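First comes the structure, then the notes that go with it.
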Amino acid sequence: MDCSSDESCINKDEALHLKIAGIAAILVSSLLGVAIPLVFKSFNRTRVFFAGQCFAAGVILSTGFVHILPDAFAALTNPCLSEHPWEKFPFPGFIAMTTSMLVLFVDSMALGYYTRREGETSSMGDHADHPHHVHAHPSNDHSAEVSKVHDSQELEASAGSPTTTIKNKVVAQVLEFGILAHSVIIGIAMGTSNSPCTIRPLVGALVFHQFFEGLALGGCISLGSFKVVSKLLMALFFTITTPGGIGIGMIISSRYNENDPKALIVEGVFDSMSAGILIYMALVDLLASHFMRAGAMSVIAIWA
């Protein structure tokens, strides 16, 4: 089989113009999506934002199942790869499954670690603020009851809020890693293509799903109580990764062969890992908390 790059509808000049326009459009949509939850914090408590988060979770789930995982199978079962071992075992599904299990492990361990650390910090703060325990003697039963209710509410808030915040931190970090890993691959693939027929629909799909991925990620970041610098860095990395991948692809396009065995293996492995991460995050950490169906978004993911 001829494993040289073979694209129809080749027009380098038109493709270049589409790539430049795509970089600008994707940059704006990514920035807008991730910035809305961070800038308009009051918006995060509205039903519109809740619906957008659910819709974004559907985009992420369908992207993992309908777009990234099939691309991984296509790359790792390409005839340009040797028959052994690539045709002897379903590596994409295995890598995606293993990555999902690894994310579950990391998710649980990180949540436990940060919860213990938060508890130790809170305990030290309580001892510092209250070195002596003072017994209060309410003047009547009503005062005692009010005091008990107040103390119970404070304990519930101190017990629940840190755990939720820590969970959101872990979700935001793992979700961003999964999105960035795929964004680099899809950006490079678009940057190396000289086919307007391939690039034109890809730009539209990327603009759409980058916005909603940014909305989901921005919501997780805003709920994670990160420091301002950390929020800005996470938003920045998400915003520039896909345009940066397109730029890298444009630079290496003259010597890049999409059917090169090494390129296929790297693409297939990264896509498999990204699919596993995004599927886990969408089902366990996003949709499980939003309880909303996302199957309709699979139609969009075909071009994403």
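Worth knowing before you read on, the calculation uses all heavy atoms, side chains too, and leaves out hydrogens, waters and symmetry mates. As the structure is a prediction and not an experimental result, all values here were calculated from the model. Residue numbers count from 1 along this sequence.
No continuous path of hydrophobic side-chain contacts links I240 to I179 [ILVMFWY only; heavy atoms under 4.5 Å]. Under the 4.5 Å side-chain heavy-atom criterion for ILVMFWY residues, no single connected hydrophobic cluster contains both F65 and M97. Under a hydrophobic clustering in which Ile, Leu, Val, Met, Phe, Trp and Tyr are joined whenever their side-chain heavy atoms come within less than 4.5 Å, directly or via other members, V184 and Y256 fall into the same cluster. By the criterion of side-chain heavy atoms lying less than 4.5 angstrom apart, applied directly or through intervening Ile, Leu, Val, Met, Phe, Trp or Tyr residues, I279 is not grouped with I185; the two fall into different hydrophobic clusters. F237 and V229 fall within a single hydrophobic cluster, where Ile, Leu, Val, Met, Phe, Trp and Tyr side chains are chained together by heavy-atom contacts under 4.5 Å.
Contact check for S222 versus L38: side-chain heavy atoms found under the 4.5 Å cut-off. Proximity of V170 to M109: side-chain heavy atoms (C-beta onward) are nowhere separated by under 4.5 Å. Two residues are said to be in side-chain contact when any heavy atoms from C-beta on lie closer than 4.5 Å; L175 and E213 fail this criterion. The closest side-chain heavy-atom distance from D285 to V174 is not below 4.5 Å. Contact annotation: the side chain of L27 never approaches that of L31 to less than 4.5 Å [non-hydrogen atoms, C-beta and beyond]. I36 is listed as a side-chain neighbour of F211, based on a closest heavy-atom distance under 4.5 Å. Put simply, the side chain of M234 does not reach to within 4.5 Å of the side chain of V34, judged on heavy atoms. At least one side-chain heavy atom of T242 sits under 4.5 Å from a side-chain heavy atom of Q210.
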Take T77 and E87 through the side-chain contact (heavy atoms from CB on, under 4.5 Å) test and state the conclusion after the steps.
CA-CA 6 Å; T77 58; E87 293 185 10; 5.7 Å; no
For the pair H67 and H209, evaluate ring pair (Phe, Tyr, Trp, His ring centres under 6.0 Å) and give the outcome as yes or no after the intermediate values.
CA-CA 12 Å; H67 171 52; H209 91 66; 7.4 Å; no
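We find the CD1-OG distance between I188 and S253 to be 12.0 Å, quoted to the nearest 0.5 Å. Interatomic distance, T99 OG1 to L278 CG, rounded to the nearest 0.5 Å: 10.5 Å. Note that the OG1 atom of T241 and the CD1 atom of I246 stand 11.0 Å from one another [nearest 0.5 Å]. The CE atom of M281 sits 8.5 Å away from atom CD1 of I60, with the distance rounded to the nearest 0.5 Å. Here the CE atom belonging to M190 is positioned 7.5 Å from the CG atom belonging to L18, to the nearest 0.5 angstrom. For the atom pair CD1 (I20) and NE2 (H17), the distance works out to 6.0 Å, reported to the nearest 0.5 Å.
Other residues, nucleotides and ligands contribute over 12 non-hydrogen atoms within 6.0 Å of the CZ atom of F73. Within 6.0 Å of CZ in F94 there are 12 or fewer heavy atoms belonging to other residues, nucleotides or ligands.
When all heavy atoms of S195 and A15 are compared, the pair lying nearest together is N-CB, 4.3 Å. Smallest separation of non-hydrogen atoms from G178 and I277: CA-CG2, 3.6 Å. Of all non-hydrogen atoms in C9 and P196, the two that sit nearest each other are O-CD, 3.0 Å. In plain terms, the two heavy atoms of L76 and G268 that are nearest each other are CG-CA, 3.7 Å. Nearest heavy atoms, Q173 versus F226: NE2-CE2, 3.6 Å. Taking all atoms of both residues into account, the shortest heavy-atom contact from Y280 to S100 is CD1-O, 4.0 Å.
A distance-only check finds no donor-acceptor pair linking the side chain of K12 to the backbone of N194 [under 3.5 Å]. In this structure a side-chain-to-backbone donor-acceptor pair under 3.5 Å is present from S29 to I26.
Aromatic ring orientation, F208 versus F212: tilted (interplanar angle from 30° to 60°).
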Below 3.5 Å, can you tabulate the donor-acceptor pairs from side chains in residues 199-206 to any protein atom, sequence neighbours excluded?
unit_1	atom_1	unit_2	atom_2	d
R200	NH2	E14	OE2	2.5

